[in-house]
Amino acid sequence: MDVSYLLDGLNDKQRQAVSAEEKDMLVLAGAGSGKTRVLVHRIAWLIQVMNHSPLSIMAVTFTNKAAAEMRGRVEQLMGRDVRQMWIGTFHGLAHRLLRAHYKDAGLPQGFQILDSDDQLRLVKRTIRALNIDEKQWPAKQAQWYINGKKDEGLRAHHIDAYDVAEQTHKSIYQAYQESCDRSGLVDFAELLLRAHEVLRDNKYVREHYQRRFRHLLVDEFQDTNSIQYAWVQLLAGKDNRVTIVGDDDQSIYGWRGAQVENLQHFLRDFPQAETVRLEQNYRSTSTILNAANEVIANNSDRLGKDLWTDGSAGEPIRVYAAFNEQDEARYVVGRIQEWLDQGNALQDVAILYRSNAQSRVLEETLLYAGLAYRIYGGLRFFDRQEIKDALAYLRIIASRIDDAAFERVVNTPSRGIGDRTLGLVREAARDMNLTLWEAARFLITENRLTGRAKKALQGFMELINQLEDECTDLPLAKQTDIAIRRSGLMAMYQSEKSEKAETRVENLGELVSATESFMPTGEEDMPPLAEFLAHAALEAGDEQADEHQDAVQLMTLHSAKGLEFPLVFMTGVEEGLFPSQQSMGESGRLEEERRLCYVGMTRAMQRLVITYAESRRLYGQEQFHSKSRFIGEMPTDALEEVRMQTRVTQPTDSRSRFHSGASHETFEQTGFQLGQRVLHATFGEGTVLNYEGSGPQSRIQINFDDQGSKWLVVAYAKLTPLR
DNA sequence: GGCCCTCCAGTTTTT
DNA sequence: CTGGAGGGCC
């Protein structure tokens, strides 16, 4: 068979990785070096050339998007259906494993997945049930604690609690887990932990999968946490080959448990592994690439990589020192308009920022300029309230023990089951170690409720029972439609007269369409409904925005990872914002910020623009930041510093920040103007921000690069104008 | 049940 | 300054 097409168009290193003999391998893949291509070709190579069955290969990614892309490209390359292949996310594959071995995992067959929102509610209820002060022990923190422990592979009983905080959190963890177990609920971290435990503790299951998967391929390995690493080790066993792909310079998720160290651990634990470096970059101009290289060179303990390109130098990186965030946004919009005038498309532009709060001013300015934009990271389809309500009905129809679903819909729409009644149900459940459904049934049969409450609760339970009787044999879409209508959910939103409610009605309609077009695979003998519910939990779905509209893309630096754009703006590149204030104390966290900077820069293909604001309104207060150290780490000859293009000579509107008593002429008599760079004997260089008074007695506010902002009397300050 | 008030926090996100 | 959450009140 002619397999040369598998190597066509690859560079030497890529070929080396694709066609390597069967061994463990670490592919250190720099930004834009074609790593997905290598992974996909490697899989095809193992099948076509090494004659492995597609069934014997497992490929793992972090996001559904990446998994879908990989699957699509493998199919395209090989020209055949590879549906039976295990390509998926860690969570998706763990779920698949637990479905197949639910008994070994100690789970009920119909176990449901708890998303983080549901998890938080359940943690909150647990805290209340334990009579712990919610103010002192916020549910968010407890949730964080629980997930952190699970990510480390720890159960509550593994934890030695030495202080009150740990003891409290431990007991919340314990009670929360009991509650999950009773209700057949599995949170995201639990999927991984439990799948790991099954593999670890059950020789039969472990050996079955070890015999099956001869090759494991893991993408974005720098993002793996401890439990994921342990998972890979277990599946690899002694005899199977592991290929990991990653880039320590793009590790930006340490704060949520990712262990960059896993790259080094891999080399330790798989000593035969060969390391292949993909260092040729096919994305950015050499100017951009070199600047990014210089920035990241400031980090220590790197595995080491030198990205290069044989592309052209392109244009310099523009650095704009904005007066404030509005000025920054105006500048960005101006450059976008210039880009459009040059015949380019809006969708090729991305505006990146460190924190979501920064998007507002950018949005307003884009809106004002009439430029379409799309924000990444909005509410996704299956995360919407009305969709979650509808799914909760489907869940409780499928599984009465699902307490999270019970809580969610027992009184939605309201049917007179208030806090008093629910309190009794929860109490009974707690006292007798029952699920909420069982407790409700108990209270009814034992006549422990007032007439009205009893009737209401009974009505709800009969509704669910009836829905099950009527629906189970119907097609999924029909089931969903009936559940939405008979439950009164649809009517509830229809009766509300607001735009929001209208959208919700539409979304419910769309949910029915989604179930119609959903194609169950029947894997692990899952009924279509169960499969759809898992799909909804594991893949929250895209945002609804028209993805294909020609629009500027707005997103955080984090969500830009893996993407590329011809024109990239990095905004708010200021000390305190980026690197963020919180990360400036610790070198490890600062280095992660630097990697984030590296990730941002390497998103740009042709043109990169970096902006920072001398002053910025943050939390209702004017703050003065100096430009980020990361800019200082870039080679000066790669940069073209742009400063205050439009001279500010008039207050622009009534909200002007300028002192009203003085005119600009008198200000200009001092010899300085806003935005001007000046040198002070002791404070160093800075930028003129504001002034008050007139003539030589006037005071002038300067944002010094190193000292922050200060007010000085012009007559005494001995300022030297620069430029 | 819904409205209004106060209080508080305030990177980054996927599953 | 904002948004979200919780508490109090009709």
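A donor-acceptor pair is defined here as one N or O able to donate and one able to accept, closer than 3.5 Å; such a pair exists between the side chain of A:Thr224 and the backbone of A:Phe221.
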**OP:** Please report the C-alpha distance between A:Arg629 and A:Glu575 in whole Å, then the side-chain angles of each, then the deciding distance to 0.1 Å, and finally whether the salt bridge (charged side-chain N to carboxylate O under 4.0 Å, His left out) criterion is met.
**Re:** CA-CA 7 Å; A:Arg629 68 190 73 189; A:Glu575 287 291 296; 2.7 Å; yes
Original post:
What is the per-nucleotide protein-contact pattern of nucleotides 4-10 of chain C, from the 5' end, where B denotes a base atom under 4.0 Å from a protein heavy atom, S denotes such proximity for sugar-phosphate atoms only, and - denotes neither?
Top reply: --S----
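Proximity of A:Tyr145 to A:Ile172: side-chain heavy atoms (C-beta onward) are nowhere separated by under 4.5 Å.
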N/O-N/O pairs, protein side and nucleotides 7-15 of chain B side, under 3.5 Å:
unit_1 : atom_1 : unit_2   : atom_2 : d
B:dT11 : OP1    : A:Tyr619 : OH     : 2.7
B:dT11 : OP2    : A:Tyr619 : OH     : 3.4
B:dT11 : O5'    : A:Gln582 : NE2    : 3.4
B:dT11 : O4     : A:Arg589 : NH2    : 2.0
B:dT12 : OP1    : A:Asn356 : N      : 2.7
B:dT12 : OP1    : A:Asn356 : ND2    : 3.0
B:dT12 : O4'    : A:Arg354 : NH1    : 3.0
B:dT12 : O2     : A:Trp255 : NE1    : 3.4
B:dT12 : O2     : A:Arg354 : NH2    : 3.0
B:dT12 : O2     : A:His558 : NE2    : 3.4
B:dT13 : OP1    : A:Thr556 : OG1    : 2.7
B:dT13 : OP2    : A:Asn356 : ND2    : 3.4
B:dT13 : O4'    : A:Arg256 : NH1    : 3.4
B:dT13 : O2     : A:Arg256 : NH1    : 3.0
B:dT15 : OP1    : A:Asn64  : N      : 2.8
B:dT15 : OP1    : A:Asn64  : ND2    : 3.3
B:dT15 : OP2    : A:Arg380 : NH1    : 3.1
B:dT15 : O2     : A:His91  : NE2    : 3.4
B:dT15 : O4     : A:Ser116 : OG     : 2.9

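Of all the heavy atoms in A:Ile417 and A:Phe460, the pair that sits closest is CD1-CB, 4.1 Å. Nearest heavy-atom pair across A:Arg595 and A:Ser251 is NE-O, 2.6 Å. The nearest pair of heavy atoms linking A:Asp151 to A:Ala189 is OD1-CB, 3.8 Å.
The side-chain tip of A:Arg99 points at the ring of A:Phe111 from less than 6.0 angstrom away and within 45° of straight on. A cation-pi arrangement is not found for A:Arg384 relative to A:Phe381, the charged atom failing to lie both closer than 6.0 Å to the ring centre and inside a 45° cone about the ring normal.
Atom P of B:dT12 sits at a distance of 15 Å from the matching atom of C:dA5, rounded to the whole Å.
Straight-line distance from the CG atom of A:Leu379 to the P atom of C:dG3: 16 Å, rounded to whole Å.
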